[in-house]
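The first residue in the sequence is number 1, and the count goes up from there.
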Amino acid sequence: MILHDLGIARNSLVAYCALVSHTASLGSRHSRRVTRCVVSATTSTPWERRAEGLAAAIVFERRLGFTNARGASLSFHLFAVKEVLSFPRRTRRMDQIRSKLVEQLRRYPTMEFTQRRQLVNGELVGFLDMIHRAQRQDIQMRAGVSPDHSKFSNQRQIQTPSPVSKDGLMSREELRSHPQFLSLPSIDDVIIRSAKDFQRLRQDTDAWRDARKVSQVSASTVWKILGFAEEQAACKLGIAKNSSMIDHEISISAWKRACDVDFEEDFSDVARFRMDWGVCHEPRAIHSLLCTSSGRAGLLQVVETGMHLLDDQSVLPAGLGLSDLPVISASPDGFIRTRLDLLSPWSSPEVIEVKCRCPYQPVGTGWVKKKLPPQSAVQPHQFAQIQFQLLCTNADLGYLVSFVSPDAWRMLSVPRNDTWLDLALSFIHEYYQRFILPKTPPPVDYFNSESYGSFLRLTRTLSSQAALRQSESTNIP
């Protein structure tokens with residue numbers, strides 16, 4: 001009956017979902033037959049619909065779990081990975097499908113498999129190896145540029161290098177296995193009852209990405225709302241005139257995102273590659289913190305965290321309430337806690353924000369790798385991001401971790417400044433009333449008062465005063 005239904009629906013997504021919905025009820029002896037049927041049923045299907053079907057099936061199968069599905073589930077997913085990664089054409093839609101598939105594969109709980117003994121050692125090792133290679137290949141393929149991307153972007157087309165550095169990459173799962181890294185629970189163990197539960201969502205999951213749609217302004221984009229991308233403001237902040245951060249379109253994109261949570265900014269190939277670089281190397285940067293003398297001695301701990309919304313427990317300026325502001329959120333890269341000795345209690349959590357410097361610079365249609373040192377100062381937009389992370393998490397101190405390699409990184413401390421936050425929130429309130437509520441796009445240099453000029457000068461002064469944490473300076477060659 002199953003095979004008959006599959007044959008009828010061979011050119012639709014129903015075929016994949018029908019197959020997977022019955023997989024859990026099949027014994028392992030049927031797995032090869034089912035997999036052969038999938039292969040034959042999808043041979044004549046257009047490659048893009050095939051990929052969409054496989055991605056949809058993965059999502060559907062995740063909801064069913066692995067009860068009585070040892071061989072069939074393993075065979076199906078190995079086939080799905082090989083199939084999707086083998087497609088020759090490259091479009092943005094294909095990248096999204098591949099990313100969705102790899103994200104679903106990344107969510108398999110390794111320890112849960114081992115404890116339930118639903119997979120024998122050989123199958124488990126082979127399956128996890130396939131997942132890891134799929135993740136690496138997905139990252140490398142998304143970093144490249146193909147002619148198919150030309151219809152999506154008017155930027156010059158360049159061939160990007162691989163984001164894999166000589167010291168290699170570290171997966172988030174490897175980082176979570178470190179004894180001094182306190183990880184969040186698996187997404188399957190998180191039940192969302194209130195906005196507080198967003199804090200328990202791992203940042204490499206679809207659930208966290210969906211939760212971000214609740215927010216109109218995030219800590220990482222607040223500098224755009226505050227007008228730092230406008231030419232006059234950037235000049236007062238000391239940003240170089242030729243910087244890619246100076247562009248009114250950046251402000252417009254932030255406004256569109258605040259008005260429409262489903263809006264997705266179309267980044268250039270260069271910007272997208274640098275973001276991929278940062279995502280790839282962030283676990284290695286956090287691991288470098290844990291490898292310091294304090295971390296090895298058990299006196300330093302990094303705590304994983306999700307998304308924090310600005311709520312009624314946050315201290316707001318007099319006369320302002322949450323209803324006077326857009327929904328603001330922050331997703332720090334983690335919290336750091338320290339203690340004097342093994343018998344002492346942990347300190348209050350302090351925010352960490354990791355910035356991985358990309359050594360590749362675009363030159364013409366190619367790239368040149370340059371030797372870059374870690375940052376010695378906090379940039380104004382980074383200062384604004386950390387301040388709002390401190391506000392949303394109710395923390396008093398934050399750190400910017402500028403990472404180049406495990407042998408070259410700096411940790412700069414950024415204390416909370418309530419005076420600056422009060423001024424920033426007042427300008428965000430003005431922005432909310434003038435542009436977000438009426439959905440009117442902001443003009444060029446939309447903040448131009450004397451008080452705004454004083455706010456910019458204060459931002460520049462405070463960001464330049466970030467202090468180097470001396471205990472970590474020994475890691476700088």
With a 4.5 Å limit on heavy-atom distance, are the side chains of [X] and [Y] in contact?
X: V327; Y: V261; result: no
X: R337; Y: L182; result: yes
X: P283; Y: E174; result: no
X: Q382; Y: Q375; result: yes

R202: partners by side-chain contact (heavy atoms from CB on, under 4.5 Å), with sequence neighbours left out
E173, R176, S183, L184, D204, T205, E304
Would you say the side chains of S218 and S220 form a donor-acceptor pair under 3.5 Å?
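S220 and S218 do have a side-chain donor-acceptor pair below 3.5 Å.
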Less than 3.5 Å apart, any donor N or O on the side chain of R296 or S293 sitting next to an acceptor on the other?
no
Counting only heavy atoms from other residues, nucleotides and ligands, does the tally under 6.0 Å from CD of Q199 exceed 12?
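Yes, enclosed.
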In this structure, are over 12 heavy atoms from other groups packed under 6.0 Å from E231 atom CD?
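No, CD of E231 has 12 or fewer neighbouring heavy atoms, counting only those of other groups under 6.0 Å.
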[atom1]-[atom2] distance between [X] and [Y], expressed to the nearest 0.5 angstrom:
X: S348; Y: N394; atom1: OG; atom2: CG; answer: 11.5 Å
X: K256; Y: E249; atom1: NZ; atom2: CD; answer: 6.5 Å
X: T461; Y: L456; atom1: OG1; atom2: CG; answer: 10.5 Å

Can a donor-acceptor pair be found, under 3.5 Å and without considering hydrogens, that links the side chain of Q203 to the backbone of T305?
yes
Ring geometry between [Y] and [X] (parallel below 30°, tilted from 30 to 60°, perpendicular above 60°):
X: F455; Y: F228; answer: tilted
X: F435; Y: Y446; answer: perpendicular
X: F427; Y: Y452; answer: perpendicular

